Amino acid sequence: MAATATAGAAAPSLPKAEEHMDPRRLIAFFAMVIGMFMAILDIQIVSASLAEIQAGLSAGSDEIGWVQTAYLIAEVIMIPLSGTLARIVSTRVLFSVAAAGFTAASALAATATNIEQMIVYRAIQGFIGGGMIPSVFAAAFTIFPPSKRNVVSPIIGLIATLAPTIGPTVGGYLSHAFSWHWLFLINVIPGIIVATVTWIFIDFDKPELGLIKKFDWWGLLSMAIFLGSLEYVLEEGNANDWFNDEHIVMGAVATTVAAVVFFYRAFKVDFPVVDLKAFANRNFTFGSLFSFVMGIGLYGLTYLYPLYLGRIRGYDSLMIGETMFVSGLAMFLTAPVAGFLAGRMDARAMMTIGFAGFAAGTWLMSQMTADWDFWELLVPQILRGCSLMLCMVPINNIALGTLPPARIRNASGLYNLTRNLGGAVGLAVINTILTQRQDFHYARLAEHVEWGNPVAVERMRNIASTFAAHGLDGTTAAVKQLAAMVQQQAVIMSFIDVFVLLTVLFLSMIACVLMIAKPQGAGPGGGGH
């Protein structure tokens, strides 16, 4: 929204929440929720099936990662832009066109015959799909009265967190049962329905087409370069050895220069592409910080569990999906509980319980061994799923519940951006720690596996004699097996380091929760800001 636009000028285009809910608006809202679910699901749905896509498109191992990266870069540009676009063309036009475009891009991705086509189609899919996500948050806090927010907030919180959690499960099942093409074809029929229903039923606001004359194109360009380059650096940095790679250096320079231009224009032009003044609201700022950490907890752990199961346990994508399903089930069952508690409990107490549950889950994971399986991962996954919901509902209410209606559309874009950036930063840091600590632990362990260590020598002789009994070169085989065991333990120890750091991070959030003022509003949960 325009930085200088008065609330009075903006307010007529926004709905006034009433206690009596129009059934047309309810239908429109639930169609929007389905659209958001599809857009967020597609972030992770291909993650468990990249090997199948790589084989199907004859892509190189250095190219296949761009199927994910292209989607994320494009989406992260659109999410903050969506508020301004919704104001110019209206929520109805933005959302229904985004749903239709996302559906068409999904169908195109299923027809891709080479990796270049797939990357282009995924970028289109991510960019257009990114327009749907913040619109749902904005609608929830503008068309529903405060008394209904403890019902609505768990729904959007559940969708925003459940979709990326079950993404690997859905993706693994589809690629096993059918083919990788169905990862994208599954969007077509729901997408057509969502686009049609939202076009017919959304009537939340009116377009302000005159604002296009004031649109800040330089701001858009600088934001696209800033966020796109930042996402590229975070996604590709660890794999390319960070600043030892010239492309990463160029990306970092582009990020810095574009960020300076973007922030300058955001505060100087009459109608900035993103209105940053929502950060003047203390609760919104803290809510965005918590959302950033939620992004680390959501995307970081959705990455770590499958990585452990694949590298250490040798699980395929379907087995990983079946194991990960526990978190999704825990979220689903906790959502109504979180909604119930939100109306009866101080939001700060709910978040404290949620972050403590997160910390307990990651602390349990720091005790892991190479033998951990479904049952050992059960309690940490349940803690993660329940904690996500207990945190998300009050965070949504704290971040968006105190803002005036005129600011919510833009603020919801910024709020969702913080969660995605949290995931990107979290994954970059996690991958870097895993790589560096694995090398460190391998070197330390290797120091003890030497001829001067009688335990190591005895173990090696036992392995060698076993292989020699089968007519093989026992000594060579024993050295290889011992090296593999050391490597595996180094990987496990690097995982433990990451889980310990995540535990500290979530515990530190409890201290931040204690710093925020009690949310004012109709009800102890802060739902009626």
Side-chain angles (χ1 to χ4, degrees), residues 43-44 46-47 50-51 53-54 57 59-81 115-116 118-127 130 219-264 292-293 295-296 298-300 302-304 306-307 311 417-443 490-491 494-495 497-498 501-502 505:
I43 299 171
Q44 293 288 346
V46 304
S47 63
L50 285 175
I53 297 173
Q54 181 179 350
L57 298 177
S61 57
D62 58 332
E63 298 172 315
I64 194 62
W66 277 94
V67 173
Q68 279 284 71
T69 305
Y71 187 97
L72 291 168
I73 288 175
E75 185 189 54
V76 88
I77 294 168
M78 178 51 132
I79 284 176
L81 176 64
I115 190 65
E116 290 80 12
M118 176 62 84
I119 290 169
V120 170
Y121 297 151
R122 282 287 284 174
I124 296 170
Q125 200 186 16
F127 184 76
L220 173 61
L221 178 64
S222 60
M223 184 186 76
I225 295 172
F226 164 42
L227 292 176
S229 300
L230 176 63
E231 186 76 30
Y232 167 74
V233 170
L234 293 172
E235 282 287 309
E236 301 293 319
N238 186 62
N240 296 333
D241 200 19
W242 290 104
F243 297 108
N244 291 321
D245 180 87
E246 63 175 316
H247 293 108
I248 297 297
V249 172
M250 288 164 59
V253 171
T255 301
T256 306
V257 173
V260 171
V261 175
F262 167 70
F263 285 112
Y264 174 80
F292 184 88
V293 175
I296 298 173
L298 177 61
Y299 294 109
T302 302
Y303 171 76
L304 279 168
L307 188 66
R311 284 176 65 175
L417 176 66
T418 57
R419 188 174 62 250
N420 278 36
L421 285 180
V425 171
L427 288 176
V429 172
I430 286 169
N431 271 320
T432 303
I433 293 171
L434 285 175
T435 302
Q436 293 182 350
R437 297 298 291 177
Q438 183 181 326
D439 292 343
F440 170 79
H441 289 304
Y442 185 84
V491 171
S494 67
F495 271 98
D497 291 341
V498 169
L501 282 173
L502 287 173
L505 173 66

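All values below were derived from every heavy atom in this structure, side-chain atoms included, with hydrogens, water molecules and symmetry-related copies excluded. The model shown is predicted, which means the values in this text are computed figures rather than measured ones.
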Verdict with reasoning, F226 to V260, per side chain to side chain contact (heavy atoms under 4.5 Å, CB included): CA-CA 9 Å; F226 164 42; V260 171; over 6 Å; no

Under the criterion side chain to side chain contact (heavy atoms under 4.5 Å, CB included), I'd like the reasoning laid out for L434 against L307: C-alpha separation, chi angles, the key distance, then a yes or no. CA-CA 11 Å; L434 285 175; L307 188 66; 3.7 Å; yes

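E116 is linked by a side-chain contact (heavy atoms from CB on, under 4.5 Å) to E63, N114, counting only residues two or more places apart in sequence or in another chain.
To the nearest 0.5 Å, atom CZ of residue F495 and atom CD1 of residue I430 are 9.5 Å apart. M118 contributes atom CE, which lies 5.0 Å from atom CG of L57 (distance to the nearest 0.5 angstrom). Residue L417 holds its CG atom at 10.0 Å from CD of E75, rounded to the nearest 0.5 Å. In this structure, the separation between CD1 on I124 and CD1 on I119 is 12.5 Å, given to the nearest 0.5 Å.
With contacts defined as side-chain heavy-atom distances shorter than 4.5 Å, the pair F262/L227 does not qualify. Taking the side chain as every heavy atom from C-beta outward, V491 and Y442 never approach each other to under 4.5 Å. Residues N420 and Y299 meet the side-chain proximity criterion, which asks for heavy atoms closer than 4.5 Å. In this structure, the side chains of V425 and I296 stay at 4.5 Å or more apart for every pair of heavy atoms. A heavy-atom distance below 4.5 Å is found between the side chains of I115 and V67. Counting heavy atoms from C-beta outward, L221 and V261 have side chains that stay 4.5 Å or more apart. Contact annotation: the side chain of L304 approaches that of L502 to within less than 4.5 Å [non-hydrogen atoms, C-beta and beyond].
No donor-acceptor pair under 3.5 Å is formed between the side chain of R122 and the backbone N or O of A70.
Applying the salt bridge (charged side-chain N to carboxylate O under 4.0 Å, His left out) test to every pair with at least one member in residues 422-441, sequence neighbours left out, gives these pairs: R437-D497.
Taking every heavy atom of both residues into account, S494 and H441 meet most closely at N-CD2, 3.8 Å.
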Determine all donor-acceptor pairs shorter than 3.5 Å in which one atom belongs to a side chain in residues 249-257; sequence neighbours excluded.
unit_1: T255; atom_1: OG1; unit_2: L230; atom_2: N; d: 3.2
unit_1: T255; atom_1: OG1; unit_2: G251; atom_2: O; d: 2.7
unit_1: T256; atom_1: OG1; unit_2: A252; atom_2: O; d: 2.9

